[in-house]
Amino acid sequence: MKTLSPSYRTGDLEKILVSEESISNRVEELAGELSAIYENRDVTVVSILSGALVFTADLLRQLEFPTRLDCLRAESYGNTTESQSPPRITNPLKTDVEGKHVLVVDDILDSGRTLQSIVEYLKQAKPASLKTCVLLDKKERRKVAIDADFVGFEIQDAFVVGYGLDFAERYRNLPCIGILKQAFQEAAAHRV
Ligand code: IMP
Ligand code: MG
């Protein structure tokens, strides 16, 4: 059997869903919307690792209000494309967000279980306000009643990689977002 090696370019993608240029334009728009809402308030941005790392890095640099950055790690998937429930928060916050404005930044809303757990976890810390921002939303896949306050793009029901999103920790470095070829999903699953 021929061994497939993952590429660092877009050749392993079946289809590009969101181009690098579209992402960049939308991130700028989102930053504008957020800056208009938060005005000059001090906001703790909580980035959900590892998927939201790339999105957060780009968004953060365009926010026109004072920020603190903190991170949470929520583990919902092993190395498969199906989520386990409920996700575990494996890396707690470093800062105290009691009485603070909190903006959660995540890569993608799928079943909604991850964001729901994170929102519940953060509410216990009694923030002054709590809003959520996701780059991608797969609305059709929702299993729990949750929507994000800010959404970059609504996408079809497909497993996507790139711009921070991974399959078995690979492809996070692609500058665009696309559907991974089936053969690479299978190859990556066998290699872990
Ligand atoms: P949920 O709990 O089912 O909403 O899943 C959310 C998390 O699963 C996201 O933060 C991602 O890390 C991961 N995820 C969901 N869909 C995809 C996908 O299409 N590609 C890569 N990761 C995904
Ligand atoms: Mg992830």
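In listed order, ligands and their atoms are each counted from 1.
- R172 approaches V54 most closely through the heavy-atom pair O-CG2, 4.2 Å.
- Near D110, meaning under 4.0 Å from one of its heavy atoms, ligand 1 places the atoms 1 (P), 3 (O), 4 (O), 5 (O), 15 (C), 16 (N).
- Residue contact check: D166 has heavy atoms under 4.0 Å from atoms 21 (C) of ligand 1.
- Residue-level proximity to ligand 1 for A52 is absent, since no heavy atom of it falls below 4.0 angstrom.
- Atoms of ligand 1 lying under 4.0 Å from any heavy atom of A158, numbered from 1 in the order shown and given with element: 19 (O).
- Taking each heavy atom of F150 and K131 in turn, the nearest pair found is CE1-CD, 3.9 Å.
- For I108, heavy-atom contacts with ligand 1 shorter than 4.0 Å involve the backbone as well as the side chain.
- Side chain of T95 to backbone of V97: no donor-acceptor contact under 3.5 angstrom is found.
- By the 4.0 Å heavy-atom criterion, S111 is counted among the residues contacting ligand 1.
- Every atom of ligand 1 with a heavy atom of R113 under 4.0 Å away is listed here by number and element: 2 (O), 4 (O).
- Summarising the local packing, NZ of K15 is surrounded by 12 or fewer heavy atoms from other residues, nucleotides or ligands at distances under 6.0 Å.
- Checked by distance only, ligand 1 and F159 stay at 3.5 Å or farther apart across all their nitrogen or oxygen atoms.
- At under 3.5 Å, not a single nitrogen or oxygen of L109, backbone or side chain, sits near a nitrogen or oxygen of ligand 1.
- Of the heavy atoms in V161, none comes closer than 4.0 Å to ligand 1.
- Ion pair D12/R170 not flagged as a salt bridge, since none of the NZ, NE, NH1 or NH2 atoms sits closer than 4.0 Å to an Asp/Glu carboxylate oxygen.
- Atoms of ligand 1 lying under 4.0 Å from at least one heavy atom of G112, given by number and element, are 1 (P), 3 (O), 4 (O).
- Contact analysis leaves S117 out of contact with ligand 1, as no non-hydrogen atom separation drops below 4.0 angstrom.
- The pair R26-E29 meets the salt-bridge criterion, since a charged nitrogen lies less than 4.0 angstrom from a carboxylate oxygen.
- Salt-bridge formation is not detected for the pair R142/D110: no Lys NZ or Arg NE/NH1/NH2 atom is positioned less than 4.0 Å from an Asp or Glu carboxylate oxygen.
- Under 4.0 Å is where a charged nitrogen must lie from a carboxylate oxygen, and between K126 and E98 no such pair does.
- Close approach of ligand 1 to D106 (heavy-atom distance below 4.0 Å) involves ligand atoms 10 (O).
- Note on ring orientation: taking the six-membered ring where Trp is involved, the planes of F55 and Y163 are tilted (angle from 30° to 60°).
- Here K138 has side-chain heavy atoms under 4.0 Å from ligand 1, and that is the only part of it that gets that close.
- Taking the charged nitrogens against the carboxylate oxygens, E14 and K181 have no contact shorter than 4.0 Å, which rules out a salt bridge.
- Those atoms of ligand 1 with a heavy atom of L165 less than 4.0 angstrom away are 20 (N), 21 (C), 22 (N).
- When heavy-atom distances to ligand 1 are checked against a 4.0 Å cut-off, I48 has no atom that comes that close, whether in backbone or side chain.
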